[in-house]
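Remarks on the structure that follows.
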Amino acid sequence: MMKRFDTWASLVFLLIGIAFVVGSTQLSTSAFGSSVGPDIFPMGLGSILILLSARLMFETFKAPVAAKQQAHVESAATAEEEDEAIVPSKPNYKGFFLIFGAAFLYAFFLEDIGYPIGTFLFLLFAFQVMERGKWLVSTIIAAAFSLGIYFVFVKILQGTLPGFPSFIPL
Amino acid sequence: MSVFEHLMNGFATSFLWYNILFAFVGVIIGTAVGVLPGIGPMSGVALLIPVTSTVTSGIGLGPAESATSSIILLAGVYYGAMYGGSTTSILLNTPGESSSVVTALDGYQMAKKGRAGAALSIAAIGSFVAGLVSLIGLVFLAEPLSNVALSFGPAEYFSLMLLGLCAVSGLAGKSMTKALIMTVFGLLLATIGMDNVSGVARFTFDNPILYAGLEFLTIAVGMFALGEVFKTIIDNDKSAGKIAKIDRVMPTKQDLKQSAAPIARGSFLGFFIGVLPGAGATLASFFSYITEKKLSKNPEKFGKGAIEGVAAPESANNAASGGAMIPLLTLGIPGSGTTAILMGAFMMYNIQPGPLLFDKHPEVAWGLIASMFIGNVMLLILNMPLVKVFAKIIDTPTRYLLPIIVAISIFGVYAVQVSIFDLMVLLGCGVLGYIFTKHDYPIAPLVLSLVLGPMIENNMRRALTASNGDFSIFVSKPLSAVFLVIAVLWIAIPLILKMKGKKVLVNEEA
């Protein structure tokens with residue numbers, strides 16, 4: 001799996017490198033009378049990135065097994081010990097997507113619904129995704145955090161945060 | 001003014017009521033960050049940059065004063081985490097930070113034998129002594145080093161920063177190719193936006209949002225803080241360990257006698273490793289553990305609860321965090337991920353760390369140094385009698401902690417940038433940060449080169465303009481040539497060692 005990811009990553013970085021090289025040839029030249037224009041740095045770096053991603057691709061195809069043995073020099077000593085304390089479990093992708101989706105909506109609509117309400121809803125939802133139940137505690141913490149930050153930041157520190165939406169008179 | 005007078009002025013600054021408060025809050029949060037396995041010093045510092053900047057401007061401080069106060073707090077988080085990291089290593093066998101991984105080897109064994117209190121207090125005492133040693137080193141090296149740096153021209157600076165980047169990529173992560181890719185990628189990201197020299201917009205696609213470039217803070221908070229949160233949610237780790245009981249906190253005379261030499265050695269070793277770019281607290285703790293084991297008369301007791309095995313690495317990691325401040329403050333070149341983030345904080349206040357810092361803003365530099373003395377004393381007090389209170393932080397339920405970290409990230413970035421676009425970048429970087437770390441693409445070099453990128457480019461172009469586009473200027477200046485040779489060696493030697501089949505120690509924290 002790691003190998004497949006590295007192959008794709010090297011392709012993506014290769015494309016990024018090419019994009020930067022091509023992009024820097026199209027930069028407008030400045031009136032500043034120097035032979036060293038704004039294009040030279042990104043163009044050089046883009047070329048290096050192309051070379052490095054080619055190397056990564058080569059490494060990935062060549063010896064994935066040998067590379068694995070090199071790894072974990074540092075953690076090898078403690079791996080045995082850590083096994084006692086951490087119980088590995090299934091990756092929780094569902095929880096991640098729910099919380100990430102909520103965070104995205106929260107950030108996207110932050111200026112529309114305002115900071116206090118948005119934060120409260122996001123936190124309450126995320127708390128419940130992490131672990132169902134304990135509604136009362138979740139509600140109290142979410143409310144305390146969102147209102148606390150809002151009032152300290154806006155009223156005391158005079159900062160800017162989107163307030164309550166206009167249909168709530170406050 | 002002499003070093004002593006500067007230091008006294010620094011103490012005057014750091015004894016202002018709000019600076020004491022900032023240092024105190026910093027070390028408390030630092031200890032908590034060290035104790036909590038989910039968030040490390042890098043994400044802790046990144047998260048707090050926007051929070052401190054709003055608080056300092058809120059209580060009406062000027063730019064220089066706000067910078068001093070913020071940096072005092074952020075540095076407190078950094079070295080406070082080194083104290084706190086030992087707590088979970090010893091009590092739970094779950095290191096809170098990578099720099100405390102070795103501490104768990106002997107610390108947890110001591111706790112199993114009912115000597116948790118002694119292990120914790122030796123770790124705190126060792127950290128304290130190491131903190132003092134590295135601060136004294138900082139006080140005496142700061143001025144001479146920055147005087148040397150003042151003679152550097154753009155060519156020397158370019159080569160030195162290149163050396164810094166090579167050092168960090170050479171040691172970060174398991175694959176050097178991946179680390180180098182991340183470094184170059186970071187440098188490329190830094191070119192997005194208006195070019196400082198010529199005023200030409202680069203890679204902005206005529207989108208005005210991109211003219212100012214990608215904000216360092218947004219990327220750092222996203223990659224480190226959100227990346228770690230997402231990782232914790234997906235990995236779904238449940239710490240099943242039982243916290244060892246703490247009995248008496250004070251160490252016995254015998255303990256102190258046994259630990260004195262390891263603490264001293266760990267402090268010096270850690271300090272010098274910390275000064276080197278790329279090698280951070282994690283490497284320092286490993287090296288000092290190995291050194292103690294080699295020097296010991298009975299090395300077989302290591303791993304079975306030897307107090308030397310706790311004292312040395314804990315001293316070393318704290319000394320290294322102090323030593324890492326030296327290249328940042330005197331040369332303006334961060335040597336690690338955390339110091340790169342601290343540098344980002346300096347730049348937010350328009351204060352350039354480097355040789356001129358001690359000239360132009362002595363109150364910032366010396367105030368910070370003096371506050372680190374105070375902070376270390378606070379940490380010693382916090383970690384000896386109050387260690388039982390801090391051990392309770394481990395029980396903080398992640399179900400509340402993780403969503404709140406997400407909320408703080410969003411709040412912090414919005415409060416500083418006031419832009420929804422930055423929030424989208426933030427969330428995207430969080431996902432990227434998770435994917436990168438999962439596949440061993442180290443993030444620290446990326447963030448470091450994002451900070452250094454504009455400076456490297458400026459110095460390169462200034463040098464090339466002076467030489468009329470002739471690249472040989474970088475090798476014809478002797479100092480610059482030396483830096484470049486070291487940079488090449490730094491990358492080449494580990495590669496050669498690997499080819500010969502030797503094991504190469506890498507720095508996961510970077």
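Order of the sequence lines fixes the chain letters, A, B, ..., with proteins taken first and strands second; residue numbering starts at 1 for each chain.
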Which side-chain N or O atoms in residues 181-190 of chain B pair as donor and acceptor under 3.5 Å with protein atoms at least two apart or in another chain?
unit_1 : atom_1 : unit_2 : atom_2 : d
B/T183 : OG1    : B/S169 : OG     : 3.0
B/T183 : OG1    : B/A179 : O      : 2.8

Study note, to complete from the structure: Okay, A/F104 and chain B: the region with an atom under 4.5 Å from a heavy atom over there is both
**Study point:** Sidechain N-carboxylate O distance under 4.0 Å for B/R202, A/D39
**Key:** no
Practice item. Report the option among B/D195, B/V55, B/L427, B/L423 that has the most heavy-atom pairs separated by less than 4.5 Å from atoms of chain A. Key: B/L427
Practice item. Find out whether A/I16 and A/L49 are in side-chain contact, i.e. whether some heavy atom of one side chain is under 4.5 Å from a heavy atom of the other. Key: yes
**Study point:** Listed partners of B/F421 passing ring pair (Phe, Tyr, Trp, His ring centres under 6.0 Å), at least two apart
**Key:** none
Check your understanding: When the aromatic ring centroids of A/F145 and A/F120 are compared, is their separation below 6.0 Å?
Key -> no
Check your understanding: Which of the residues A/Y115, A/F122, A/Y93, A/F96 is involved in the greatest number of heavy-atom pairs with chain B at under 4.5 angstrom?
Key -> A/F96
Review point. Where on B/F205 is there a heavy atom nearer than 4.5 Å to chain A: the side chain, the backbone, both, or neither?
Key: neither
Check your understanding: B/S53 versus B/V416: any side-chain heavy-atom pair under 4.5 Å?
Key -> yes
Review point. Are B/F302 and B/Y289 an aromatic pair by the rule of ring centers under 6.0 Å?
Key: yes
Point to revise | A/L45 portion near chain B, given a 4.5 angstrom heavy-atom threshold | key: both
Review point. Do the ring planes of B/F411 and A/F153 sit parallel (below 30°), tilted (30 to 60°) or perpendicular (above 60°)?
Key: perpendicular
Point to revise | Among B/I420, B/L426, B/L180, B/T191, residue most engaged with chain A (heavy-atom pairs, under 4.5 Å) | key: B/I420
Exercise for review: Could you look at A/F127 and say if it's the side chain, the backbone, both or neither that has a heavy atom under 4.5 Å from chain B?
Suggested key: both
Point to revise | Options A/L110, A/L51, A/V152, ranked by heavy-atom pairs under 4.5 Å with chain B, top entry | key: A/L110
Revision key, fill the gap. Cut-off 4.5 Å, heavy atoms of chain B, and the answer for A/I141 is side chain
Review point. B/Y400, B/Y441, B/F230: which one forms the most heavy-atom pairs within less than 4.5 Å of chain A?
Key: B/Y400
Review point. Using non-hydrogen atoms only, which part of A/I99 is less than 4.5 Å away from chain B: side chain, backbone, both, or neither?
Key: side chain
**Study point:** chain B contact via A/F125 - which portion, at a heavy-atom distance below 4.5 Å
**Key:** neither
Review point. Is it the backbone or the side chain of A/S138 that comes under 4.5 Å from a heavy atom of chain B, or both, or neither?
Key: both
**Study point:** Heavy-atom check, side chain of B/I233 versus side chain of A/N92, under 4.5 Å
**Key:** yes
Review point. Which answer fits A/F108, side chain, backbone, both or neither, if we ask what part of it has an atom under 4.5 Å from a heavy atom of chain B?
Key: both
